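Chain naming here is simple, since letters A, B, ... match the order of the sequence lines and numbering starts at 1 in each. Fair warning: this is a prediction, and the values are worked out from it, not measured in the lab.
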2 protein chains.
Amino acid sequence: MGMPKPPSDFPGVDIAAADLLTACGQLVRRLRAETNNQELSWSQMAVLARLESAGPMSIADMARAESVKPQSMGVTLSVMEDEGLLERRPHPTDGRQFLFALTVAGVEARRRVRAAKQTWLAGAVATLTADEQRDLLTAAAVIRRLADSSTRDTQ
Amino acid sequence: MGMPKPPSDFPGVDIAAADLLTACGQLVRRLRAETNNQELSWSQMAVLARLESAGPMSIADMARAESVKPQSMGVTLSVMEDEGLLERRPHPTDGRQFLFALTVAGVEARRRVRAAKQTWLAGAVATLTADEQRDLLTAAAVIRRLADSSTRDTQ
DNA sequence: TATTGTTATACTCTATAACTATA
DNA sequence: TATAGTTATAGAGTATAACAATA
């Protein structure tokens, strides 16, 4: 399993972890409820965002980056390919792999849906104080580092 | 005064919202991958946590609290009832409602699974600096307020 | 052998729709 | 009427298992 097992050196660690868990869970459910019936799902948005920032990627690499199994990512990418959001090209040197890239339609869909997806959350964030908004920005970076922290199972 | 609809008054709002979205999404996927095959699902843990802190609740109230449809929550609670984690009692004054409460088995399961669920995240959090851990705690409270912020659809 | 990708199957969570019972 | 709950059905997202092709 993960992590060299740091035995809860002080209580703050467990408290922060537990709080973060419940808070993120609640936010995710609320977001799902508030942004229902959209053109693109959250998973699809994550794929578009990553391909846009990281460039063309293979199924296996995308699966690792998004912490899902290659079979799951394969389904997601194939669906998006069928919908014309992604384009599949053979890997230049590895005959097993394919590289997926955004199509024009994919870029446009992402731009179009992005604002709609954020509408509710941006409104909610706007009601916070400037300090709280800064806290969120700081925390988002930390959370992203956590999600990406290197204890990868080989899967 | 009541801030007449803040249409992204300054870029920070949209940036914070977008960052929080992608960061939470990534963390949720990573957590799912790292804490697979556990005795209780995340949704079930959320139910147990809420009932433990808020006391017995009806299906409709739980659904509102967790931002899901009553039908969805009804299924979740019925399954947990069948598993002996929850107990259903008739509402004292309203003949339509039922009040769900933790059983002893539910309390024990929550305590047992809680540590296991947190193991990976607590380990990851432990690698952060003390400042970053404080940032997370602060942010968790803000995130919870966001998830609970009062723009409720009537559903 | 190890890795990449595909296909088939199943499970969890949630949604919508249609219904009954109670307020 | 409005609300609470139930049941049936469907969909998205992911997992496991078994397989073929390539490295």
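Computed from coordinates, the A:Leu77 CG to D:dG13 P distance equals 12 Å when rounded to whole Å. Between the CD atom of B:Glu81 and the P atom of D:dT7 there is a distance of 11 Å, rounded to whole Å. B:Ile59 has its CD1 atom 16 Å from the P atom of C:dA21, to the nearest Å. For B:Gln97 and D:dA2, the CD to C1' distance is 13 Å, given to the nearest whole Å. Straight-line distance from the NZ atom of B:Lys69 to the P atom of C:dC19: 20 Å, rounded to whole Å. Rounded to whole Å, the distance from CD on A:Glu34 to P on C:dA15 is 11 Å. Spacing between atom CD of A:Glu66 and atom P of D:dA12 amounts to 19 Å, rounded to whole angstrom units. Atom CD in A:Glu83 sits about 14 Å away from atom P in D:dG11, given to the nearest Å.
Across all strands shown, B:Gly74 has no heavy atoms under 4.0 Å from either base or sugar-phosphate atoms.
Between B:Arg29 and D:dA15 there is no side-chain polar atom (N or O) within less than 4.0 angstrom of OP1 or OP2. At the phosphate of C:dT14, OP1 or OP2 sits under 4.0 Å from a side-chain N or O atom of A:Arg32. Here A:Ser41 reaches the OP1 or OP2 of D:dG13: one of its side-chain N or O atoms lies under 4.0 Å away.
Of all nucleotides listed (C:dT14, C:dT4, D:dG5), C:dT4 comes nearest to the side chain of A:Arg64. Taking only side-chain atoms of B:Arg96, from C-beta outward, the nucleotide of D:dG13, C:dA23, C:dA15 with the closest atom is C:dA23. Ranking D:dT6, D:dT16, C:dA15 by closeness to the A:Gln71 side chain, first place goes to D:dT16. Candidate nucleotides D:dT6, C:dC13, C:dA15 were compared by shortest atom distance to the side chain of B:Ser43, and C:dC13 ranks first. You'll find that the side chain of A:Ser58 is closest to C:dG5, out of C:dA23, C:dG5, D:dA15. Comparing atom distances between the A:Asn36 side chain and each of C:dT4, C:dA15, C:dA17 picks out C:dA15 as nearest. Checking C:dT22, C:dT6, D:dG5 against the side-chain heavy atoms of B:Ala60 singles out D:dG5 as nearest.
Evaluation of atom-type donor-acceptor distances gives a pair under 3.5 Å for the side chain of B:Ser72 against the base of C:dA15.
Side chain of A:Ser67 to main chain of A:Ala63: no donor-acceptor pair is present (N/O by atom type, distance under 3.5 Å, no hydrogens or angles).
For the pair A:Arg88 and A:Phe100, the cation-pi test (distance below 6.0 Å, angle within 45°) is failed.
Salt bridge present: A:Arg144 and B:Asp19 bring a charged side-chain N and a carboxylate O closer than 4.0 Å. With salt bridges taken as basic N to acidic carboxylate O contacts below 4.0 Å, one links A:Arg145 and B:Glu132.
For the side chain to side chain contact (heavy atoms under 4.5 Å, CB included) criterion with B:Met80, the lone passing option out of B:Leu86, B:Leu40, B:Thr103 is B:Leu86.
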